[in-house]
Amino acid sequence: MSTVHEVVSVTPERGEARRFANRFGSAAAAVLVLLCGLTMLLGFINKDRCTGPAFDQWGRTQPDYDERNKEDVCYSDIQHLWIGRDIDRHVFPYVDGGINDKGVLVGGSVEYPVLSGLIIWAGAIFAHNDAEYLLYSSLLMAPFGLLTGWLLGKLARWRALLWAIGPPLVLYAFHNWDLPVVLCSVAAVFVVHRWNRPLVERAVVASVLLGLGFAFKVYPAAFVLPLMLFVATGGWRGQEMPEGKKVDVAGAAKVALASIVTVVLVNLPFAFAGYDGWLASFEFQQLRRVDITTNSIWYWGLRPFIGDDAMQSLVGVISPITILLSFAIAAGYGWLRFRREGTYPWIAVSGAMLCGFMLLHKVHSPQYTLWLVPFLVLLRVKLVWAYVYFVVDLAMGIGIFRWFWAIEFGQPAGIYDSFSAQAVMIGVWGRAALLVALFVVFLKARGVTEDDREDLKFLRGAVAAKS
């Protein structure tokens, strides 16, 4: 069967359809990317306030680094981890590393999957202090953020401004190493809905991108399941179902296999070169305790009622179970929508899965908001959801560091005498409530790519009428 792109590739009338479907031209895309770049520049300037002017023998910012990064709300994991992971010693990650009996990473191991480890190492090649490391790492990651903005513009037009000029990009673009994994997710959507190839080919390439996303920050692997169901049901309204089939099992299996092979091929060299160091990144996350730094509902919801050891054990079981349950609910509701509408809403289901993961995981770092923003762009939800989430996220992103500063340096830090403590509570429970709501809202939402399909369906009818 022809793809949607083939439908608009021949006659002048179909040329008109192409212009209608791709209203976001080169000039608009350039403006969007420029705005995205300016936003990321503001993000770098904010983080760079924490660097220098002097440095100690280890290349750590002086004076008063530990106080400044919290009080001035310019903390960055990138700058902070210059010391403590052998990044400053330019040790290649994982190969000679491991994790000791106290759960501390040693010998170049880092707590992230291998592609993030490579980015972390590469940013330090020419760096001699934490300021240079922040700069080079930011330059290395900036193209990922710009390309994400461009792809979102091509997919959703000016709705992509939520990404390009939104507060999360200022706060978190260079807070951690998250821009590459966001690009993998967005690029997968772009390939499925904009590349002029048969559905299974597009989906296999998208699955490879999601596998690469796993090798950056794990979560995109969850999106392989809804993509498989999208392929198994023949894509948009079943129009790309192979002849004589009701369910494309073989196509769905190829999608799954592509992601699995990608993950194996990327991880295998590191596992062979230094198995203990490679495994340490996963062990670290498994052993990580639920504490004040994790910002999760589990810490704030369970800590007042049960002891710490009991809480750690309970969360270690209940968190993964509830995450998987949320995935099953999202995928199941997507199937109900398919039965009703004829299309499996894989982007909507993926967005809901992400909400479930962010809500129920034992760690909820502030920069995870960057993961969510593309789904606020790609799904036709009311913009007020994005605006409210940004406000709550600002409360968390600013309040958490001011609160840590108050706790560490003897300032008022109680819930009744500290605005920063109140902001953290707004952030924790406000985000939780919004993620529950967005889980439902996303599942019911149309994707922005469906609008192009409807446009082209209408124009195809107009072309047929003229001929």
Side-chain angles (χ1 to χ4, degrees), residues 155-156 159 185-186 188-189 192-193 199 203 206-207 210 213-214 218-241 246-249 251-253 255-256 259 297 318-361 364 368-369 371-386 388-389 431-454:
L155 286 164
R159 192 178 178 89
S185 297
V186 173
V189 175
V192 171
H193 294 281
L199 174 61
S207 186
L210 295 175
F214 176 91
V218 176
Y219 78 89
F223 307 156
V224 174
L225 174 60
L227 179 58
M228 290 171 59
L229 293 172
F230 181 74
V231 171
T233 54
W236 190 74
R237 296 190 178 175
Q239 290 189 358
E240 295 184 78
M241 181 71 72
K246 294 183 178 181
V247 180
D248 188 3
V249 176
V255 172
S259 186
I297 61 170
I318 196 172
S319 175
I321 289 176
T322 53
I323 288 172
L324 291 175
L325 180 60
S326 74
F327 287 178
I329 292 171
Y333 188 85
W335 189 260
L336 292 178
R337 279 192 60 181
F338 160 70
R339 297 294 297 272
R340 187 169 62 244
E341 302 169 12
T343 302
Y344 190 85
W346 84 278
I347 302 175
V349 171
S350 297
M353 284 181 163
L354 179 59
C355 290
F357 181 84
M358 291 172 61
L359 174 69
L360 299 168
H361 195 257
H364 191 156
Y368 291 0
T369 300
W371 306 355
L372 186 68
V373 174
F375 288 100
L376 293 167
V377 174
L378 293 170
L379 294 169
R380 291 286 182 191
V381 300
K382 293 181 179 179
L383 292 177
V384 68
W385 288 110
V388 173
Y389 198 94
R431 287 187 316 188
L434 286 168
L435 287 171
V436 171
L438 286 172
F439 181 89
V440 176
V441 170
F442 281 175
L443 283 177
K444 295 182 178 181
R446 285 164 48 92
V448 294
T449 58
E450 294 181 45
D451 294 338
D452 290 342
R453 293 282 188 169
E454 295 293 347

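Arg159 places no side-chain N or O within donor-acceptor distance of the main-chain N or O of Val448, the cut-off being under 3.5 Å. Proximity of a side-chain donor or acceptor of Tyr344 to a complementary backbone N or O of Ala331 within less than 3.5 Å is detected. Judged by distance alone, with hydrogens and angles left aside, the side-chain atoms of Ser207 form no donor-acceptor pair with the main-chain N or O of Ala203 at under 3.5 Å. A donor-acceptor contact shorter than 3.5 Å is absent between the side chain of His193 and the backbone of Thr449.
To the nearest 0.5 Å, atom OH of residue Tyr368 and atom OH of residue Tyr219 are 10.5 Å apart. A distance of 10.5 Å separates CE in Met358 from CG in Leu434, rounded to the nearest 0.5 Å. Interatomic distance, CD1 of Ile347 versus CZ of Arg380, reported as 11.5 Å (0.5 Å rounding). Here CZ of Arg446 is found 9.5 Å from OG1 of Thr343. Values are rounded to the nearest 0.5 Å. Expressed to the nearest 0.5 Å, how far CD1 of Ile297 lies from CG of Leu360 amounts to 5.5 Å. Taking CD from Gln239 and CG from Leu199, the interatomic distance works out to 11.0 Å, rounded to the nearest 0.5 Å.
Residues Phe442 and Ala352 share a closest heavy-atom pair of CD1-N, 3.9 Å. Smallest separation of non-hydrogen atoms from Gly334 and Val349: CA-CG2, 3.7 Å. Here the closest non-hydrogen pair linking Cys355 and Leu372 is SG-CD1, 4.0 Å. The minimum heavy-atom distance linking Ile323 with Gly356 is given by the pair CG1-O, 4.3 Å. Nearest heavy-atom pair, Ala330 versus Leu443, reported as atom, atom and distance to 0.1 Å: O-CD2, 3.7 Å.
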Step-by-step side-chain contact (heavy atoms from CB on, under 4.5 Å) determination, Phe375 to Ser350: CA-CA 9 Å; Phe375 288 100; Ser350 297; 3.9 Å; yes
Test side-chain contact (heavy atoms from CB on, under 4.5 Å) applied to Val388 and Lys382, step by step: CA-CA 11 Å; Val388 173; Lys382 293 181 179 179; over 6 Å; no
Could you go through residues 220-235 and list every donor-acceptor pair under 3.5 Å that involves a side-chain atom there, pairing it with any protein atom two or more places apart or in another chain?
unit_1	atom_1	unit_2	atom_2	d
Thr233	OG1	Leu229	O	2.8
Thr233	OG1	Phe230	O	3.1

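Residues passing the side chain to side chain donor-acceptor pair (under 3.5 Å) test with Trp371, sequence neighbours excluded: Asp178.
Residue Arg339 qualifies as open at atom CZ: its count of foreign heavy atoms under 6.0 Å is 12 or below.
For the side chain to side chain donor-acceptor pair (under 3.5 Å) condition, the pairs that include at least one residue of residues 318-337, sequence neighbours left out, are Arg337-Glu341.
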